[in-house]
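Have a look at the structure below before the remarks.
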Protein chains: 2
Amino acid sequence: MALDNRKKEVLQAIVDDYVANCEPVGSKALIDRHDFMVSSATLRNDMAELEQMGYLEKPHTSAGRIPSDKGYREYVDSLMKVDKLSDEEGKEIKEKLSVSFDEIASLLKAASSALADQTGYISLAMTPKLTSSYLTQLKMLMIEPGKVLVVVVLSAGVVKNRMVRIPDFLTQDQVAQIGNAVEQGLSGLPLSEISLITVATAAKGNQKVELPDALLNQVLYEAYTAIKQADNLDVYMQGKHRMLSLPEFSDTKRAQGLFDTLSHDGLVAGYVDEVTKQDEKKEYMIRIGQEITLEGLDECSFITTTYNVGGKVAGNIGVIGPKRMEYSKVISQINFVRMMIDEKLKQP
Amino acid sequence: MALDNRKKEVLQAIVDDYVANCEPVGSKALIDRHDFMVSSATLRNDMAELEQMGYLEKPHTSAGRIPSDKGYREYVDSLMKVDKLSDEEGKEIKEKLSVSFDEIASLLKAASSALADQTGYISLAMTPKLTSSYLTQLKMLMIEPGKVLVVVVLSAGVVKNRMVRIPDFLTQDQVAQIGNAVEQGLSGLPLSEISLITVATAAKGNQKVELPDALLNQVLYEAYTAIKQADNLDVYMQGKHRMLSLPEFSDTKRAQGLFDTLSHDGLVAGYVDEVTKQDEKKEYMIRIGQEITLEGLDECSFITTTYNVGGKVAGNIGVIGPKRMEYSKVISQINFVRMMIDEKLKQP
DNA sequence: GTTTAGCACTCTATCTCTCTGAGTGCTAAA
DNA sequence: TTTAGCACTCAGAGAGATAGAGTGCTAAAC
């Protein structure tokens with residue numbers, strides 16, 4: 001049985017009201033707040049049917065209705081209208097991202113912070129997935145004898161560095177040369193194809209320094225770990241504490257379950273990855289309540305979207321909020337931030 | 001009126017019991033759990049006096065007593081015995097910090113993580129206060145035309161980098177030369193004495209590249225911002241979510257107040273700084289309940305201590321937990337972690 | 001067939017009342 | 001100074017009672 005027009009309106013109104021007040025919506029209240037041209041009894045019939053079809057739930061017999069996960073799903077899929085961000089709000093976000101960012105990490109940090117402030121929920125920003133990106137530069141900088149800073153620059157604009165230890169007696173020149181050799185041999189190679197072996201052959205094919213093999217291998221191993229480490233995703237998450245002010249998390253147990261999960265960056269990042277793959281074609285990904293396979297997030301909704309770096313490599317930003325979230329607003333906010341990121345990263 | 005021996009014992013027993021159970025302690029329960037050789041009536045008299053002197057409080061007339069801030073203070077100042085860490089626990093911490101850390105940031109991250117795991121409370125680790133440290137190296141690395149990575153190395157072992165934008169047409173050599181000139185002119189200079197002017201004079205006194213003044217100034221300005229940015233304290237904080245399982249934070253409002261404050265790294269860092277100055281001579285700093293001037297932390301206690309880098313520059317690590325904290329255990333844990341850090345950073 | 005008025009019914013939240021028990025403070029004796 | 005004894009206090013738990021929001025159903029109206 002499909003939803004007739006009035007039922008759609010009723011569902012939409014109930015979601016809207018519940019989002020606003022976090023209180024079960026009754027037929028009377030619905031009539032009061034909206035211009036239905038029918039009586040409350042009619043709405044009651046509609047609501048009973050909507051419940052039977054699984055779109056609504058009752059906390060108990062004599063309460064109003066609240067949307068089920070399926071109800072929210074219908075709402076975001078076909079009922080809500082995503083309105084454009086108000087000029088004012090767009091301006092606010094723009095301002096927060098207006099500082100010049102020449103490193104992707106700072107941009108993402110700012111984006112996550114803006115998103116958290118603007119939505120009032122938990123924001124998320126992840127560095128680009130690097131497996132598909134490639135090495136553009138590798139510099140080895142001697143900080144003091146025996147200590148070398150390996151700077152790895154990736155095509156996605158990601159810069160990472162790692163301090164490594166090498167034998168004391170190597171000179172800055174020798175180390176820099178090895179770095180150059182590796183860089184020449186590997187630049188342009190996708191990260192996924194870089195292994196200890198490729199590093200070694202690259203270096204040995206290009207370098208001019210005469211060094212015993214064992215020694216050279218030691219340095220190369222450190223360079224390799226530095227490159228591999230650059231592969232790690234960074235996750236920026238902000239605004240967690242705001243969830244505590246929501247009525248759905250007034251129960252500490254629930255909040256704890258949520259925070260426990262969120263404290264594992266890796267879990268969240270992995271989940272975002274998975275969802276992104278599932279909804280590859282879509283502009284944004286939404287997961288509602290039980291649809292989320294992360295523990296402790298069954299009272300939440302999760303919205304993510306993908307930004308692009310130079311049209312190729314992509315990372316994610318997103319928002320985690322209560323199921324009772326202002327979906328259309330959050331979506332437009334996320335979209336706006338994504339556009340801003342895309343724009344800033346388009347310049348080569 | 002000073003505390004006689006039995007009163008001290010009573011206070012100590014009450015703190016111990018309350019720490020263990022988070023329930024007001026009555027005279028009867030006290031007799032049951034401890035070997036006082038007197039009757040409950042005698043203890044009642046003692047407890048009444050302790051209350052009058054401000055060491056104990058009553059939640060209401062017919063409940064047991066709980067320690068007041070003053071009571072906790074007396075406890076940590078003269079009653080508790082700081083026991084040595086168990087070998088087992090020492091081993092666990094050692095293990096967590098056993099990876100080789102050649103960058104101070106990673107070491108602190110690991111330390112904070114170990115401290116949070118081990119205490120079950122909120123841990124804190126801050127990079128060294130850098131004002132007293134000095135610049136040892138400054139490298140400028142061209143990533144692509146117009147984009148330069150400025151790597152700043154400070155005496156405290158802190159390495160920071162910042163991507164900056166410069167005019168497109170400058171070459172790697174030119175940029176590197178400017179970097180060298182700045183480094184030569186400034187190395188050894190305390191950060192506090194580095195200003196845009198000192199940077200400029202340093203560079204102009206040492207550099208050989210012929211560049212129009214305006215252009216040079218632009219590059220120098222970027223180098224200067226990079227140096228100044230290296231000055232920022234980094235704060236690593238972990239284990240916040242654990243507080244939600246404590247009965248004192250079962251009220252979400254309270255938890256929210258705490259988290260609100262803790263989400264401002266700067267506030268916390270500033271406070272730690274202040275406290276450290278006040279208790280300069282002490283091995284560790286303790287602030288209890290209302291003694292803490294940060295909003296939302298009046299149900300908490302704050303313990304910090306100072307680690308050293310090469311005997312000179314110093315940073316802080318610490319723990320935030322409920323007033324009802326296992327003080328002696330936490331103190332020995334913090335001390336142990338500090339010793340580990342000191343040791344790892346002693347090697348030049 | 002759809003809509004509506006009317007009404008009995010259900011269930012939570014709230015309030016009040018009572019009871020219980022842990023714990024106190026005080027008094028008087030040891 | 002310590003102790004036994006006892007009256008007193010108060011939070012918390014449990015039991016009704018009540019109010020009110022909301023429901024579902026029936027029968028009439030459109």
With sequence neighbours excluded, what pairs up with B:Phe249 under the ring pair (Phe, Tyr, Trp, His ring centres under 6.0 Å) test? none
Are A:Arg242 and A:Asp117 close enough for a salt bridge, meaning some N to O gap below 4.0 Å? yes
I want to confirm an ordering. Mapping A:Asn45 and B:Arg6 to their closest nucleotides on DNA chain D, which one lands closer to the 5' end? B:Arg6
Using a cut-off of 4.0 Å on non-hydrogen atoms, how would the nucleic acid contact of B:Ala41 be classed: base, sugar-phosphate, or nothing? base
Could you list the residues that satisfy side-chain hydrogen bond (donor to acceptor under 3.5 Å, both in side chains) with A:Ser328, not counting sequence neighbours? none
Quick one: closest heavy-atom pair of B:Arg338 and B:Thr305, and the distance? NH1-OG1, 3.1 Å
5' priority, DNA chain D, between B:Asp46 and B:Thr61 [closest heavy atom]: B:Asp46
Which residues pass the ring pair (Phe, Tyr, Trp, His ring centres under 6.0 Å) test with A:Tyr271, sequence neighbours left out? A:Phe302
Give me the first and last nucleotide of DNA chain D, going 5' to 3', that has any atom under 4.0 Å from a heavy atom of chain A. D:dA21 to D:dG24
Sequence neighbours excluded, which residues qualify as side-chain contact (heavy atoms from CB on, under 4.5 Å) partners of B:Arg6? B:Asp4, B:Val10, B:Val38, B:Thr42, B:Asp46
Stem ranges of DNA chain C by first residue number, counting only runs of at least 3 Watson-Crick or G-U pairs under 3.5 Å, come to C:1-30 with D:1-30
Which pairs, with at least one residue in residues 68-84 of chain A and sequence neighbours excluded, count as a side-chain hydrogen bond (donor to acceptor under 3.5 Å, both in side chains)? A:Asp16-A:Tyr75, A:Asp69-A:Lys323, A:Arg73-A:Asp77, A:Arg73-A:Glu291, A:Glu74-A:Ser78
Tell me, which of residues 14-37 of chain A have any heavy atom that sits under 4.0 Å from an atom in DNA chain D? A:Gly26, A:Ser27
Listed by chain and number, what are the side-chain hydrogen bond (donor to acceptor under 3.5 Å, both in side chains) partners of B:Gln278, not counting sequence neighbours? B:Arg287
Side-chain (A:Gln118) to main-chain (A:Gln333) donor-acceptor, under 3.5 angstrom: no
Please check this pair: side chain of A:Thr252 against backbone of B:Ser250, looking for a donor-acceptor N/O pair closer than 3.5 Å. yes
Where do A:Gly90 and A:Phe336 come nearest, in terms of heavy atoms and distance? O-CE2, 3.5 Å
Identify each atom pair where a protein N or O and an N or O of nucleotides 12-18 of chain C are less than 3.5 Å apart, giving names and distance.
none

For residues 258-266 of chain A, which side-chain donor-acceptor pairs fall under 3.5 Å, sequence neighbours excluded?
unit_1: A:Asp260; atom_1: OD1; unit_2: B:His241; atom_2: NE2; d: 3.2
unit_1: A:Thr261; atom_1: OG1; unit_2: A:Gly257; atom_2: O; d: 3.3
unit_1: A:Thr261; atom_1: OG1; unit_2: A:Glu295; atom_2: O; d: 2.5
unit_1: A:Ser263; atom_1: OG; unit_2: A:Asp260; atom_2: O; d: 2.7

Separation of atom NZ in B:Lys58 from atom C1' in C:dA22, rounded to whole Å: 13 Å
Under the rule for side-chain contact (heavy atoms from CB on, under 4.5 Å), what residues qualify as partners of A:Ser245, not counting sequence neighbours? B:Gln256
